[in-house]
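So you know, we letter chains A, B, ... as the sequences are listed, proteins then strands, and number each from 1.
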2 protein chains.
Amino acid sequence: MEPETKQQILDAAETLFARKGYKATSLRDLTMNAGVNLASVNYHFGSKKRLLEAIFERRLQPLNESRLQKLKEIRKAAGQQGENPAVREILKVFIEPVLRARVSHKGEIFLLNLVGRAFIDLDATVQEILRRFMKPLSDCMIETLSKALPEIPREVILWRLQFVLGALGRTMFVYRNPALGKPKEVPDVDPETLLEYLVSFATKGIEEPGYAKSFKNAPSPGGRKGRRKVK
Amino acid sequence: MEPETKQQILDAAETLFARKGYKATSLRDLTMNAGVNLASVNYHFGSKKRLLEAIFERRLQPLNESRLQKLKEIRKAAGQQGENPAVREILKVFIEPVLRARVSHKGEIFLLNLVGRAFIDLDATVQEILRRFMKPLSDCMIETLSKALPEIPREVILWRLQFVLGALGRTMFVYRNPALGKPKEVPDVDPETLLEYLVSFATKGIEEPGYAKSFKNAPSPGGRKGRRKVK
DNA sequence: GTCTATAGATTGATAGAC
DNA sequence: GTCTATCAATCTATAGAC
């Protein structure tokens, strides 16, 4: 009679999972915060694991479907103009929705903290579920980046995507995360600025031509070129 | 009478902490694998937490001291030549020793998996200890990078260092990690190649001039320049 | 130093009254 | 659907015999 209970559990769960992680959040913590009975989680969701799946279904699934569609639009548009898709646009589609998404029911909690936490969670349950939800988008990212950078070997692209995933995961985890306090290594900026920082960084790194097929086994020409005399 | 026990605990602990994480490794698992008694961890180390500190002291501390010294040498050498230090060299000093370090007592386990795990561990205990061990090196990295890139605002450098930390952490975590199986998103390469991949990527990203002081608020000029006609 | 035994706390899940 | 009470399985840490 109270379908509200289910929502309250979901809301409290994503807040606590974002703040402390999945394993470290007990069902007692969770139900206390939600103002519901301990047994109601198992009644409504079956288990703690299926509660986590429900959260991903509510928050991550629509986000990923939207990103997947935008990726396909980029590829289509580029194909019609006879061009390869632009790396910067691809990365922006992947990164932007995550940095913008907020959990609306409470101003302070960010979906990005939740997903960021999940992304670096060591718990096998979390890894398995997240991997399942990310797989289609992940596959499409690999394919689209390969199209955008035909000179770069697939192996290199795959590793560079891992680097971007790492950078994004850490960003989501440390950005305005109340659990971390205010470490001075992480200055506060608005989301738009942060997005630009990360997209610029990732684009430059991914486009690096040092491992283009024609240059294979020739390490990056960069090296010392960045040096300048001290004034 | 058996100082060997202490070593066996340390060896088994770093193997298991690397494979499953700190929290997920129970003292029962650990002492079973080490072939010692359950109570001996608390006898020799006082607590599970102090065992973790002992591992960092044995593995991470000498690594960081070596990196710190090399960083200072780079700054000194560059200063004598009237130049700024090269970003690529700074990053290489930071990244290389970690990707090369192996735990010698067993061929399959890598120190990098251990530190990589710790780096992305959500457990508050792990975070606190790791932060303490990394602080001096982290501070020196910030200062040296600021010297190398005087046109880039400190805020931007700090975030870019976070991006590099994320990329390195993820690399350490996924590289040849037996617990992950063989996901085809992570192709196997030898350590030297991986080092080149990551250093090139990070150098390009960190050197990106889009947020140099003179360009402030002017987003990266990159954009569509990377596009090419499809043949 | 090593061992057994167990304290003391916390966990996810469930049975059964209402 | 909600609640209380509890089970069964963990865990870290320790007391005390040898």
In short, side chain to side chain donor-acceptor pair (under 3.5 Å) pairs touching residues 114-129 of chain B with sequence neighbours left out are B:Lys49-B:Glu128, B:Asp123-B:Thr125, B:Glu128-B:Arg132
Please compare A:Ala39 and B:Tyr43 by the position of their nearest nucleotide in DNA chain C and report the one closer to 5'.
B:Tyr43
Take the protein atom CG of A:Asn42 and the nucleotide atom P of C:dT14, then report the distance between them rounded to whole Å.
6 Å
Atom-pair distance (NZ on A:Lys48; P on C:dA13), nearest Å:
8 Å
In this structure, how many angstroms lie between the C1' atom of D:dA9 and the CG atom of B:Asp29, rounded?
14 Å
Flag, side chain of B:Asn64 to backbone of B:Phe133, donor-acceptor distance under 3.5 Å:
yes
Nearest whole Å is fine: how far is C:dG12 P from A:Leu30 CG?
9 Å
Measure from CG on B:Leu52 to P on D:dA13 and round the result to the nearest Å.
12 Å
What is the distance from CG of B:Leu38 to P of D:dA15, rounded to the nearest Å?
14 Å
Length of the line joining A:Met32:CE and D:dT4:C1', which is rounded to integer Å
15 Å
Closest to the A:Arg28 side chain, choosing from D:dA13, D:dT2, C:dA13:
C:dA13
Between CG of A:Leu27 and P of D:dT10 the distance, given in whole Å, is 17 Å
Residue pair A:Glu155 / B:Tyr197, side-chain donor-acceptor N/O under 3.5 Å
yes
Have a look at B:Gln69 and tell me which of B:Glu73, B:Arg67, B:Glu65 forms a side chain to side chain donor-acceptor pair (under 3.5 Å) with it.
B:Glu73
Under 4.0 Å, counting only non-hydrogen atoms across every strand here, what does B:Thr25 touch: a base, just sugar-phosphate, or nothing?
sugar-phosphate
side-chain N/O A:Thr5 vs D:dT2 OP1/OP2, d < 4.0 Å
yes
Looking at A:Tyr43, I'd like to know if the NZ or CZ of A:Lys6 sits under 6.0 Å from its six-membered ring centre while staying within 45 degrees of the ring's axis.
no
Closest nucleotide among D:dA13, D:dC11, D:dT6 to the B:Ser26 side chain:
D:dC11
Please check the phosphate of D:dT4 (OP1 and OP2 only) for any side-chain N or O of A:Asn37 closer than 4.0 Å.
yes
